[in-house]
Protein chains: 2
Amino acid sequence: MTGGAQLMQAEAEERYEAFHTECPARDVVDHVTSRWGIWVLISLRSNDLRFYELRKSIQGISEKMLAQTLRALVQDGLVWRKVEPTTPPQVTYGLTEFGRDVGEPLTELFDRITRRLSPRSAGARPAH
Amino acid sequence: MTGGAQLMQAEAEERYEAFHTECPARDVVDHVTSRWGIWVLISLRSNDLRFYELRKSIQGISEKMLAQTLRALVQDGLVWRKVEPTTPPQVTYGLTEFGRDVGEPLTELFDRITRRLSPRSAGARPAH
DNA sequence: CGGCATCCTCGATGATACTG
DNA sequence: CAGTATCATCGAGGATGCCG
């Protein structure tokens with residue numbers, strides 16, 4: 001495992017290098033894997049939600065952090081934002097194609113972890 | 001589309017609820033999506049690595065954070081740790097089955113983001 | 001080499017209050 | 001309802017030094 005592994009590592013290293021430095025992808029990854037980003041994306045995966053709905057959907061998030069997280073995700077092109085100029089105002093958020101694209105592995109990640117940790121609800125699997 | 005969506009949301013909400021509270025999965029997700037956790041897992045995906053190799057593989061990580069991140073991941077059962085009592089000591093890390101299981105969607109996430117951002121879209125993005 | 005302990009800083013986060 | 005602004009805090013994370 002030490003012999004040929006070095007070559008593979010060289011490849012991997014080169015690839016991640018672009019990434020750890022100034023690649024814009026780094027920011028997106030940070031936003032997605034941010035404390036609240038992942039839950040926003042997963043929540044919006046099932047359907048579009050308004051600010052208020054989103055807030056109560058994600059337990060423990062403050063208005064500030066929700067707004068902040070949403071802003072970052074909208075800027076990254078993962079989430080769209082639709083404003084209805086009614087009274088009271090109504091703002092809806094949803095996933096863009098990119099957002100759904102990213103949300104899929106995110107949900108998969110979440111599923112695999114919960115599946116592994118709650119053997120009673122999703123079939124017992126032997127721990128490593 | 002908005003009508004039936006409420007029901008789906010009810011399901012989703014109930015499901016995530018268990019999760020935002022005290023589910024152990026929450027901790028694992030936090031560790032995996034922590035600032036360095038994701039890179040450790042992705043790095044170890046290609047092959048097992050020693051502490052030192054891991055450190056230079058992940059640009060910008062400090063020894064402290066690497067050790068801390070590794071400890072959490074080992075505790076969560078995502079990473080194994082093998083100590084060779086030689087001089088100098090030699091410690092190797094690698095992914096458990098669980099770790100590989102989790103690393104897959106993580107890599108997929110990373111790939112989708114870079115794929116989306118790589119094609120010449122550099123420079124057109126607003127910095128925040 | 002691998003890693004832990006300590007100190008210290010800074011930014012993310014939360015609470016509160018205020019607008020449109 | 002959907003934010004924004006301000007302030008206070010708390011802990012993640014970096015720097016340094018010591019040890020097996």
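Each chain gets a letter, A, B and so on, in the order its sequence line appears, and its residues count up from 1. Hydrogens, waters and symmetry mates are skipped; everything else that's a heavy atom, side chains included, is used.
The side chain of A/Arg71 contributes an N or O atom lying less than 4.0 Å from OP1 or OP2 of D/dT4. Here B/Arg81 reaches the OP1 or OP2 of C/dG3: one of its side-chain N or O atoms lies under 4.0 Å away.
Separating the CG atom of A/Leu49 from the P atom of D/dC1 is a distance of 15 Å, rounded to the nearest angstrom. The distance from atom CG of A/Asp30 to atom P of D/dG13 is 10 Å, rounded to the nearest whole Å. Protein atom CG of A/Leu66 is 10 Å distant from nucleotide atom C1' of D/dG3, rounded to whole Å. In this structure, CG of A/Leu54 is placed 10 Å from P of D/dA2, rounded to the nearest angstrom. Atoms OH (A/Tyr52) and C1' (D/dC1) sit 9 Å apart, rounded to a whole Å. Here the C1' atom of nucleotide C/dG20 and the CZ atom of A/Phe51 are 15 Å apart, to the nearest Å. When rounded to the nearest whole Å, the span between OH of B/Tyr93 and P of C/dC1 equals 15 Å.
Between A/Leu109 and the options B/Thr33, B/Ile38, B/Asp101, a side chain to side chain contact (heavy atoms under 4.5 Å, CB included) holds for only B/Thr33.
Between A/Trp80 and A/Thr92, the shortest heavy-atom contact is CZ3-O, 3.5 Å. Nearest heavy atom pair, residue A/Thr114 against residue A/Asp111, reads OG1-O, 3.0 Å. Closest heavy-atom contact between B/Ser43 and B/Ser57: OG-OG, 3.4 Å. Across all non-hydrogen atoms, the minimal contact from B/Arg55 to B/Ser62 is NE-C, 4.4 Å.
Rounding to the nearest 0.5 angstrom, the gap separating the CZ atom in B/Arg45 from the CH2 atom in B/Trp39 is 13.5 Å. The distance from atom CG of A/Leu41 to atom OG of A/Ser34, rounded to the nearest 0.5 Å, is 8.5 Å.
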Show me the protein contacts with nucleotides 11-15 of chain C, counting only N or O atoms at under 3.5 Å.
| from | atom 1 | to | atom 2 | distance (Å) |
| --- | --- | --- | --- | --- |
| C/dT13 | O4 | A/Lys64 | NZ | 3.3 |
| C/dG14 | OP1 | A/Arg35 | NH2 | 3.4 |
| C/dG14 | N7 | A/Lys64 | NZ | 3.3 |
| C/dG14 | O6 | A/Lys64 | NZ | 2.4 |

Mind listing the N/O atom pairs, protein and nucleotides 8-10 of chain C, below 3.5 Å?
none

Can you tabulate the close N/O pairs, meaning under 3.5 Å, that link protein atoms to atoms of nucleotides 17-20 of chain D?
none

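The aromatic rings of A/Phe51 and A/Tyr93 are tilted relative to each other, their planes meeting at an angle between 30° and 60°.
With a 6.0 Å radius and a threshold of 12 heavy atoms from other residues, nucleotides or ligands, A/Glu97 has its CD atom at or below the threshold.
Residues A/Leu49 and A/Val74 fall within the same hydrophobic cluster, defined by Ile, Leu, Val, Met, Phe, Trp and Tyr side chains chained together at heavy-atom separations under 4.5 Å.
Between A/Arg112 and A/Glu108 there is a salt bridge, since a side-chain N of the basic residue sits under 4.0 Å from a carboxylate O of the acidic one.
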